*Asks:* 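I am attaching a structure below and will ask some questions about it afterwards.
Here the structure is a predicted model, which means the values were calculated and not measured.
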Amino acid sequence: MKRKVTLKQIAKELDVSISTVSKSLRNSLEIGEDTRLKVQAFAKFYNYKPNNIALSLKNRKTKTIGIIIPEIVHHFFSTVINGIEQVANENGYSVIICLSDDSFDKEVLNMEMLANGSIDGFIMSLSKETQFKGDFHHITEVIDQGMPVVMFDRVTNEILCDKVIIDDKLSAYEAVQSLIDKGRKKIALVTTVDYVSVGKLRTDGYIKALLDNNIPFDENLIIKIEDVDTCEIIIGKLLEDKAIDAVFAVNELFAVICIKTANKIGLNVPKDLAVIAFTDGIISKYSTPTITTVSQSGIKMGNKAAKMLIDRLESEHEDEEEENYKTEVIETHLIERESTN
């Protein structure tokens, strides 16, 4: 009797990516004919069967929601999980949480594992690598087979599904405007790489606020951090080389590193350097000085995402020809603390 194989095993045996295997099995013309035929022959020989999600959904409900998040270190993601759990538990649902570790392959494998009859639907925030690749086939597949997906925070316009976001561009604009209103004129931005959707939108808001206030936009005052392990060196170079009087950081980890680095080189926060961060987490409340933040309302975001998913799971109109997907925008607000006063 032949052993059962998974997408991961086929990819390993044939020395191709999981994405290539998946696309070959769907006969995608993106993959060369030789590779497609080789993958299909291997899958047939080992009797590979894709997850029969639609059958699972029709025949049995697990009353379980799958959550896939990029990382757990950011306070924001843990608050979203709390928000999801509140609404899920009130409605008799359990949750299973998986981490993609910002890896495309891990995100695909998590979806494959959970979709195999373990859960009824997904709530997810895209990994950095998935956004970089622009490959969302794994999400399209589960939606096409009848399993609802709700995206939050890091989303893509390429997938038609329900989404919960904040207005990242407007929130960033308002944060930078508050620095300008306090008389700061040389404001640096510490952000992520551009392919992370929220980082790109926050950068757009930062630039717009400067230009609307007739402050020249200087590209050298934007630093894009890919690897957190080296960000202290990059931020140190920014603070030492540029005569800046404020920093807008896209997360509180970057903000606290800015404050720590400023202290090391003898800059006083907020007198010499004002700092604002996204995400109102524990770090911001208890750092010295405490950090002014844009509150992302993670609990509300989680509540809304869970409600949207459960409403779709329990809807009596599953077979409507046209899906009416919604994008809910959660309001943000600025929490003023010592780092800007």
*Asks:* I need the minimum non-hydrogen distance between Val142 and Ala115, along with the two atoms involved.
*Replies:* CG1-CB, 4.1 Å
*Asks:* What's the verdict on salt bridge (Lys or Arg N to Asp or Glu O under 4.0 Å) for Lys106 and Asp101, showing C-alpha distance, side-chain angles and the deciding distance?
*Replies:* CA-CA 7 Å; Lys106 200 166 174 194; Asp101 287 329; 2.7 Å; yes
*Asks:* If you round to the nearest 0.5 Å, how far is CG of Asp153 from CG of Leu126?
*Replies:* 9.5 Å
*Asks:* Identify whether the distance between the nearest side-chain nitrogen and carboxylate oxygen of Lys260 and Glu232 falls below 4.0 Å.
*Replies:* yes
*Asks:* Same cluster for Ile265 and Ile235 if Ile/Leu/Val/Met/Phe/Trp/Tyr side chains link at under 4.5 Å?
*Replies:* yes
*Asks:* Looking at Phe104 and Ser19, what are the two nearest heavy atoms and their distance?
*Replies:* CE2-CB, 3.8 Å
*Asks:* Does CD belonging to Glu331 count more than 12 external heavy atoms closer than 6.0 Å?
*Replies:* no
*Asks:* Between Arg184 and Leu179 (side chain of the first, backbone of the second, donor and acceptor by atom type, cut-off under 3.5 Å), is there such a pair?
*Replies:* no
*Asks:* State yes or no: do Tyr173 and Ile330 share one hydrophobic cluster built from I, L, V, M, F, W and Y residues joined by side-chain heavy-atom distances below 4.5 Å, directly or via other members?
*Replies:* no
*Asks:* For Asn157, I'd like to know if atom CG has over 12 heavy atoms of other residues, nucleotides or ligands within 6.0 Å.
*Replies:* no
*Asks:* If we count only N and O atoms by modelled type, under 3.5 Å, do the side chains of Gln86 and Asn82 hold a donor and an acceptor together?
*Replies:* no
*Asks:* Testing the basics here: between Leu114 and Gly66, what is the closest heavy-atom pair and its distance to 0.1 Å?
*Replies:* CD1-CA, 4.1 Å
*Asks:* Heavy atoms only: give me the nearest Ala88-Ala306 pair and the separation to one decimal.
*Replies:* N-CB, 4.5 Å
*Asks:* Is it the case that the side chains of Ser295 and Asp280 hold a donor-acceptor pair, with the cut-off being a distance below 3.5 Å and no angle test?
*Replies:* no
*Asks:* With a 3.5 Å cut-off and no angle check, do the side chains of Asn27 and Gln40 form a donor-acceptor pair?
*Replies:* yes
*Asks:* Mind checking the CG-OG spacing from Asn303 to Ser297? Nearest 0.5 Å is all I need.
*Replies:* 10.5 Å
*Asks:* Quick one: OG on Ser78 to CD1 on Ile299, what's the gap to the nearest 0.5 Å?
*Replies:* 8.5 Å
*Asks:* Using a strict cut-off of less than 4.0 Å between a Lys/Arg side-chain nitrogen and an Asp/Glu carboxylate oxygen, indicate whether Lys23 and Asp135 qualify as a salt bridge.
*Replies:* yes
*Asks:* Is the backbone of Leu201 close enough, under 3.5 Å, to the side chain of Asp168 for a donor and an acceptor to pair up by distance?
*Replies:* no
*Asks:* Is there a salt bridge (Lys or Arg N to Asp or Glu O under 4.0 Å) between Arg154 and Asp102? Walk through the geometry before answering.
*Replies:* CA-CA 11 Å; Arg154 298 188 199 167; Asp102 272 322; 2.8 Å; yes
*Asks:* Should we count NZ of Lys186 as having more than 12 external heavy atoms under 6.0 Å?
*Replies:* yes
*Asks:* Without swapping roles, check the side chain of Asn251 against the backbone of Leu253 for a donor-acceptor pair under 3.5 Å.
*Replies:* yes
*Asks:* So Lys208 and Asp204, salt bridge (Lys or Arg N to Asp or Glu O under 4.0 Å) or not? Walk me through it.
*Replies:* CA-CA 6 Å; Lys208 189 174 188 305; Asp204 291 346; over 6 Å; no
*Asks:* For Tyr325, is there any backbone N or O sitting under 3.5 Å from a side-chain donor or acceptor partner on Asp162?
*Replies:* no
*Asks:* Find the distance between OG1 (Thr290) and CD (Glu336) and round it off to the nearest 0.5 Å.
*Replies:* 10.5 Å
*Asks:* More than 12 non-hydrogen atoms from neighbouring residues, nucleotides or ligands closer than 6.0 Å to NZ on Lys182, yes or no?
*Replies:* yes
*Asks:* Restricting to non-hydrogen atoms, name the atom on Ile234 and the atom on Ile223 that form the minimum distance, rounded to 0.1 Å.
*Replies:* CG2-CD1, 3.8 Å
*Asks:* Would you find more than 12 non-hydrogen atoms of other residues, nucleotides or ligands less than 6.0 Å from Phe136 atom CZ?
*Replies:* yes
*Asks:* Does one side chain, of Thr279 or Glu252, offer a donor that lies under 3.5 Å from an acceptor on the other?
*Replies:* no
*Asks:* Yes or no on salt bridge (Lys or Arg N to Asp or Glu O under 4.0 Å) for Lys307 and Glu314, after CA distance, side-chain angles and deciding distance?
*Replies:* CA-CA 10 Å; Lys307 187 172 186 317; Glu314 298 184 353; over 6 Å; no
*Asks:* With hydrophobic residues grouped by side-chain heavy-atom distances under 4.5 Å, do Ile180 and Leu170 end up in a single group?
*Replies:* no
*Asks:* Using 30° and 60° as the class limits, which term best fits the ring planes of Phe248 and Phe278: parallel, tilted or perpendicular?
*Replies:* tilted
*Asks:* Quick check against the 3.5 Å criterion: does Asp120 have a side-chain atom that pairs as donor or acceptor with the backbone of Thr62?
*Replies:* yes
*Asks:* Looking at Lys185, is its backbone amide N or carbonyl O close enough to the side chain of Asp245 to form a donor-acceptor pair, meaning the two atoms are under 3.5 Å apart?
*Replies:* yes
*Asks:* Looking at Ser24, is its backbone amide N or carbonyl O close enough to the side chain of Arg36 to form a donor-acceptor pair, meaning the two atoms are under 3.5 Å apart?
*Replies:* no
*Asks:* So, applying side-chain contact (heavy atoms from CB on, under 4.5 Å) with Val247, which one of Leu239, Thr261, Ile257 is it?
*Replies:* Leu239
*Asks:* With heavy-atom distances below 4.5 Å as the criterion, would you say the side chains of Ile96 and Thr64 are in contact?
*Replies:* yes
*Asks:* Regarding His138 and Glu107, is there a side-chain donor-to-acceptor distance under 3.5 Å anywhere?
*Replies:* yes
*Asks:* Could you go step by step and tell me if Asn116 and Glu112 meet the side chain to side chain donor-acceptor pair (under 3.5 Å) rule?
*Replies:* CA-CA 6 Å; Asn116 196 12; Glu112 184 188 45; over 6 Å; no
*Asks:* Establish whether Met111 and Met113 are linked, either directly or via other cluster members, by ILVMFWY side-chain heavy-atom contacts under 4.5 Å.
*Replies:* yes
*Asks:* Looking only at heavy atoms, which two atoms of Ser171 and Thr332 are closest? And how far apart?
*Replies:* OG-OG1, 2.8 Å
*Asks:* Would you tell me whether Ser100 and Ser127 have side-chain atoms, one donor and one acceptor, within less than 3.5 Å of each other?
*Replies:* no
*Asks:* Quick check on Lys237: does its NZ atom have over 12 non-hydrogen neighbours (other residues, nucleotides or ligands) under 6.0 Å away?
*Replies:* no
*Asks:* Could you state the interatomic distance from SG (Cys161) to CE (Met147), rounded to the nearest 0.5 Å?
*Replies:* 14.0 Å
*Asks:* Would Phe132 and Val193 count as a side chain to side chain contact (heavy atoms under 4.5 Å, CB included) if you check the C-alpha gap in whole Å, the side-chain angles of each, and the deciding distance to 0.1 Å?
*Replies:* CA-CA 9 Å; Phe132 176 66; Val193 281; over 6 Å; no
*Asks:* Using the side-chain contact (heavy atoms from CB on, under 4.5 Å) rule, pick out the option among Ile67, Ile139, Ile68, Leu309 that qualifies with Phe122.
*Replies:* Ile68
*Asks:* Verify, without hydrogens or angle tests, whether Tyr206 (side chain) and Ile187 (backbone) share a donor-acceptor contact under 3.5 angstrom.
*Replies:* yes
*Asks:* Taking the side chain as everything from C-beta on, heavy atoms only, tell me whether Pro289 gets closer than 4.5 Å to Ile259.
*Replies:* yes
*Asks:* With side chain to side chain contact (heavy atoms under 4.5 Å, CB included) as the criterion, how do Val176 and Leu210 come out once you've worked through the C-alpha distance, each side chain's angles and the decisive distance to 0.1 Å?
*Replies:* CA-CA 8 Å; Val176 175; Leu210 294 180; 4.3 Å; yes
*Asks:* Between the side chain of Arg337 and the main-chain N/O of Thr292, is any donor-acceptor distance below 3.5 Å?
*Replies:* no
*Asks:* Can you confirm whether the side chains of Ser197 and Gln131 place a donor and an acceptor under 3.5 Å from each other?
*Replies:* yes
*Asks:* Look at the side-chain heavy atoms of Ile, Leu, Val, Met, Phe, Trp and Tyr, link any pair under 4.5 Å apart, and say whether Ile335 and Met301 land in one connected group.
*Replies:* no
*Asks:* Assess the side chains of Ser22 and Glu141: does a donor N or O sit below 3.5 Å from an acceptor N or O?
*Replies:* yes
*Asks:* Quick check against the 3.5 Å criterion: does Thr203 have a side-chain atom that pairs as donor or acceptor with the backbone of Gly199?
*Replies:* yes
*Asks:* Measuring from Ile276:CD1 to Ser339:OG, what's the distance to the nearest 0.5 Å?
*Replies:* 7.0 Å
